[in-house]
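What you see is a predicted model, and the numbers here were worked out from it, not measured in a lab.
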Amino acid sequence: MSENVVHLHKPTDPPTPDTAPTVLTVVPDPPPARPVPLWVRSGRAVKTAATHESTRATVRAAARHSLYTINGGRIVARRTWDGRTGARYERMIRAAEAAGNLEAAEEWEERLQRFRAARHHRRMDLLHSPVDAAKGVAVGAGMSIGVLVALGIVMAVNTGEVRDVVTPLTATIDFIALLIRIVQVVWGPALAIGPFLVLLALWSVGRKQHAAPAWALPANVRSGEGEPITPSIVVKALRDLGVPALARAIKEMGDAGASMLGPIRIAGCGVEVDVTLPSGVATNEVQSKRRKLAENLTRHEHEVFITIPEAARTVRLWVADSGALDEPIGPSPLVTDESLTANYKSGKAPWGQDLRGDAAELSVYQRHLLVTGLSNQGKTAALRALALWLALDRSVRFWIADLKGIGDWAMFEGIAQVLIEGPSDDHVIDATEMVEDAVEEMNRRIEERRRNPSIVFEPLIVLVDEAQLAFMCPVVGEDKRPYGGAKATSRYFMAVRKIHNQGRAVDVLMWQGTQDPTDQNLPKLVREGAHTRASLVLGTESQARMALGDKAVDGGAAPHLLRQGLDKGTLVVASDGITIPAGQASITVRTHFIDEEPAAEVADRAKALRDGVTTLRVVDRGEERDALADVAAVLGDAPRLRTNEVLKRLHALDPSAYGDQWTNDRLKALLEEHGEEPKKSHGVMVVHRDHVLRALANRDNEGSASAAE
């Protein structure tokens with residue numbers, strides 16, 4: 001299909017008819033380009049060479065190493081001057097006065113007076129030292145000659161040659177002459193090489209101190225190190241924070257703001273300083289500008305922590321050395337020290353290190369525990385490290401439900417009486433029934449404590465990892481009660497609440513680990529029932545308040561400001577079971593990571609302390625056993641058996657029903673419930689067959705009477 005082309009521009013020349021002769025147009029070649037002048041080409045070449053990266057690197061290296069030598073000389077000279085004079089003390093006095101710390105100023109002034117007195121004493125000694133030195137040389141020379149002559153006499157007596165008397169003296173003179181000749185030979189080269197050695201030493205001092213401008217330093221040094229924290233830098237960072245009242249107050253201070261600062265103290269891998277804010281400036285105004293303050297201090301946001309101590313109008317700044325928080329803290333003492341033991345009541349678990357570099361140890365005695373955070377940030381590892389330490393106390397029993405079910409707790413096979421692993425609704429049901437069993441155990445202990453206030457129970461740790469699955473479980477039981485949820489009808493919620501309310505008194509403790517907390521998967525009453533609350537990185541401040549409480553967050557706790565993926569294993573902890581600096585409501589802990597294989601080795605040590613534990617994988621509540629009838633069955637025809645033997649036979653009859661939770665106290669409580677109790681025979685507690693049969697008869701009679709009514 002043909003198309004008509006319409007030209008929008010009118011041609012300037014009329015069209016040539018087909019019969020017109022062909023006209024050949026000759027187009028001349030363009031004129032040759034003008035040659036670039038030599039001076040332009042030379043300038044371009046010089047500019048290219050001067051701006052080339054290799055040239056820049058060479059210039060930086062030359063400047064750097066030259067300045068290392070020059071500034072190294074300045075550093076050595078200053079150190080020498082400080083060592084010979086009181087300049088160092090005078091600087092410290094001026095700094096203490098500027099900071100308003102008069103006690104420190106007086107202390108440094110006293111040190112300066114002692115230094116001057118000692119220097120004066122040394123100078124006075126120099127007046128007498130030439131005479132004393134001359135006397136010492138004369139006495140030393142005389143004694144040396146006498147010793148050599150005496151040695152020569154001994155040699156002469158031994159050899160019978162009189163000339164041997166001067167042999168030691170002659171040998172000594174020859175040796176001295178040899179030393180003089182060696183010095184004469186070495187002296188010339190030493191004079192030639194000596195200056196170069198001095199310059200090399202000065203260069204080494206300058207290099208270690210990075211004594212060169214920032215532009216001349218290597219790239220890794222320029223980007224890897226922040227400025228040292230000094231009073232002037234802290235004051236400048238606060239002045240430029242964007243708080244008008246603070247900036248005006250610093251400007252009006254006669255000492256330019258130095259009186260606001262306490263002493264700057266070394267604290268672990270950083271420094272710590274208390275800042276007393278002027279009137280009209282609230283502490284939360286500084287807290288809310290953490291990022292800007294960190295950047296003013298040439299640090300990243302995660303390298304500055306702001307807490308509120310007890311002193312009024314005071315903020316405590318902890319500033320890390322650049323990059324220090326990205327370095328690992330080392331292995332756990334559980335892995336490196338095989339002799340380490342645990343004590344539930346008086347011991348503390350070696351959990352990690354605080355920001356000051358000190359060991360962070362946690363007491364778990366009668367404290368419910370909650371660890372939360374985003375997924376894959378080290379929650380299970382932090383929780384497991386505590387359990388591994390506590391497993392080294394053989395008296396502690398564990399009931400564990402791992403609702404992730406990928407083997408993170410598999411090493412507790414043979415340690416825990418109950419170990420549930422899996423994420424399905426059936427596993428959640430088993431976990432719920434495990435917690436309900438713990439409630440029954442708690443109630444039994446409370447009854448025993450009521451009858452015998454002095455009784456001591458073995459600690460029972462009920463641990464549920466990924467507990468958010470239990471709270472979110474949609475399954476409804478046969479009794480029309482949901483397993484999950486946060487209402488009074490929820491089985492898991494109510495069981496946890498009961499343990500939180502009364503379990504501590506009889507050493508039945510609830511440990512939970514959850515992900516990404518919300519009001520739905522971590523109800524308020526449950527999270528506030530934990531005595532120890534710890535949080536890894538979270539997404540929002542509201543989640544941080546759920547995890548740690550308003551008091552901790554208002555006091556500076558900020559798990560939502562940790563870096564996801566980079567701060568794995570870093571916990572913000574609010575608990576009275578860990579040493580927290582005075583005036584703070586929380587502490588930041590970098591926990592030790594114990595990998596699968598080392599964790600299994602620690603678990604093997606814990607198993608070796610125990611007499612063998614049968615671990616149940618499923619809580620079987622379908623068939624209820626008649627414990628009293630089973631006691632009668634295991635007695636058989638024996639008139640009486642020791643209680644230990646009865647317990648062994650019950651365990652052999654049904655290990656799942658009569659596991660380690662069955663003790664002498666539980667057997668005694670069973671018989672007392674029906675009007676009988678074990679008696680002693682020849683000093684040993686025994687169970688009489690007649691008493692058990694009588695208890696069965698009493699129970700049957702009571703049942704018949706109830707049915708008749």
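- A 4.5 Å side-chain heavy-atom check between V428 and L403 finds at least one atom pair inside the cut-off.
- Note that CG of L392 and CG of N343 are 11.5 Å apart. Values are rounded to the nearest 0.5 Å.
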Task: Worked verdict on R481 versus V476 for side-chain contact (heavy atoms from CB on, under 4.5 Å) - done: CA-CA 6 Å; R481 293 179 59 198; V476 177; 5.9 Å; no
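- Qualifying side-chain contact (heavy atoms from CB on, under 4.5 Å) partners for H500, counting only residues two or more places apart in sequence or in other chains: H368, V496, R497, M510, Q512, V526.
- Of the possible polar contacts, one joining the R384 side chain to the D408 backbone as a donor-acceptor pair under 3.5 Å is found.
- Looking at residues two or more places apart in sequence or on another chain, you find a ring-ring contact (aromatic ring centres under 6.0 Å, His included) between W409 and F412.
- Put simply, the side chain of R533 never gets that close to the backbone of L369: no donor and acceptor are under 3.5 Å apart.
- Note: I306 CD1 to L293 CG = 5.0 Å, rounded to the nearest 0.5 Å.
- The pair R367-D576 meets the salt-bridge criterion, since a charged nitrogen lies less than 4.0 angstrom from a carboxylate oxygen.
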Task: Working for side-chain hydrogen bond (donor to acceptor under 3.5 Å, both in side chains), residues S454 and N452 - done: CA-CA 6 Å; S454 63; N452 182 8; 2.8 Å; yes
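- Using a 4.5 Å heavy-atom threshold, the side chains of S363 and T532 count as separate.
- Atom-to-atom distance recorded for E441:CD and L460:CG is 6.5 Å, nearest 0.5 angstrom.
- W351 places a side-chain N or O within donor-acceptor distance of the main-chain N or O of A382, the cut-off being under 3.5 Å.
- Contact check for L388 versus L390: no side-chain heavy atoms found under the 4.5 Å cut-off.
- A donor-acceptor pair under 3.5 Å is absent between the side-chain atoms of W389 and the main chain of P350, judged by distance alone.
- A search for salt bridge (Lys or Arg N to Asp or Glu O under 4.0 Å) contacts involving E528 returns nothing, not counting sequence neighbours.
- Listed by chain and residue number, E301 satisfy the salt bridge (Lys or Arg N to Asp or Glu O under 4.0 Å) test with R291 (two or more places apart in sequence, or in another chain).
- If you check the side chains of T514 and T372, you find a donor sitting under 3.5 Å from an acceptor.
- Annotation: side chain of E272 is not in contact with side chain of V319 (no heavy-atom distance under 4.5 Å).
- Salt-bridge annotation for D519 and R527: present, with a side-chain N of the basic residue lying under 4.0 Å from a carboxylate O of the acidic one.
- When all heavy atoms of A606 and I415 are compared, the closest pair comes out as CB-CD1, 3.8 Å.
- If you check the side chains of D516 and Q468, you find no donor sitting under 3.5 Å from an acceptor.
- Side-chain contact between R504 and I499 is absent, with no heavy atoms from C-beta onward closer than 4.5 Å.
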Open item on the list: Between L509 and V364, is the side-chain contact (heavy atoms from CB on, under 4.5 Å) condition met? List the steps.
Closed with: CA-CA 9 Å; L509 303 179; V364 298; 5.7 Å; no
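- The two atoms that bring M411 and A599 nearest to each other are CE-CB, 3.9 Å, heavy atoms only.
- Side-chain contact annotation: S395 with D393, donor-acceptor N/O pair under 3.5 Å present.
- Listed by first and then second residue, the ring-ring contact (aromatic ring centres under 6.0 Å, His included) pairs involving residues 532-553 amount to none (not counting sequence neighbours).
- Between E285 and K289 there is no salt bridge, since no side-chain nitrogen of the basic residue lies less than 4.0 Å from a carboxylate oxygen of the acidic one.
- A donor-acceptor pair under 3.5 Å is formed between the side chain of S490 and the backbone N or O of G484.
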- [ ] Decide side-chain contact (heavy atoms from CB on, under 4.5 Å) for R313 and V281; before the verdict, give the C-alpha distance in whole Å, the side-chain angles of both, and the deciding distance to 0.1 Å.
- [x] CA-CA 8 Å; R313 281 203 342 263; V281 182; over 6 Å; no
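- Cation-pi contact between R316 and F305: absent, since separation from the ring centre below 6.0 Å together with deviation from the ring axis within 45° is not met.
- Among all heavy-atom pairs drawn from A360 and V589, the shortest one is CB-CG1, 3.7 Å.
- When all heavy atoms are compared, the tightest approach of P517 to M546 is O-SD, 3.6 Å.
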Open item on the list: Would I400 and I420 count as a side-chain contact (heavy atoms from CB on, under 4.5 Å) here? Give the steps.
Closed with: CA-CA 6 Å; I400 299 175; I420 300 167; over 6 Å; no
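- Rounding to the nearest 0.5 Å gives a distance of 9.0 Å between CG of D430 and OH of Y483.
- Between V275 and L277, the closest side-chain pair of non-hydrogen atoms falls below 4.5 Å.
- Ion pairing between E440 and K498 fails under the 4.0 Å rule for side-chain N and carboxylate O.
- Between D274 and R265, some side-chain heavy-atom pair lies under the 4.5 Å cut-off.
- A side chain to side chain contact (heavy atoms under 4.5 Å, CB included) with L562 holds for exactly one of D567, L536, L571, L374; it is D567.
- Contact check on R545 versus E541 returns a salt bridge, with a Lys/Arg side-chain nitrogen under 4.0 Å from an Asp/Glu carboxylate oxygen.
- Evaluation of the ring-ring contact (aromatic ring centres under 6.0 Å, His included) test over residues 422-471, restricted to residues two or more places apart or in two chains, returns F471-Y492.
- Checked for salt-bridge contact, R445 and E448 miss the test: no charged N lies under 4.0 Å from a carboxylate O.
- Around the NE2 atom of H300, the shell of radius 6.0 Å holds no more than 12 heavy atoms that belong to other residues, nucleotides or ligands.
- Contact record, G539 with H560: C-CB, 4.3 Å, taken as the closest heavy-atom pair.
- A349 and L386 get closest at one heavy-atom pair: CB-CD2, 3.6 Å.
- Contact of the P459 side chain with the V396 side chain is registered, since non-hydrogen atoms from C-beta on lie closer than 4.5 Å.
- Remark: the backbone N or O of P598 is not paired with any side-chain donor or acceptor of D595 at under 3.5 angstrom.
- The pair D465-K379 counts as a salt bridge, with a side-chain nitrogen and a carboxylate oxygen less than 4.0 angstrom apart.
- A salt bridge does not link K292 with E295: every distance from a Lys NZ or Arg NE/NH1/NH2 to an Asp or Glu carboxylate oxygen is 4.0 Å or more.
- H592 places a side-chain N or O within donor-acceptor distance of the main-chain N or O of G330, the cut-off being under 3.5 Å.
- Checked by atom type, the side-chain pair Y344/D507 shows a donor-acceptor distance below 3.5 Å.
- For the atom pair I580 CD1 and S586 OG, the distance stands at 6.5 Å (nearest 0.5 Å).
- A donor-acceptor pair under 3.5 Å is absent between the side-chain atoms of R299 and the main chain of A294, judged by distance alone.
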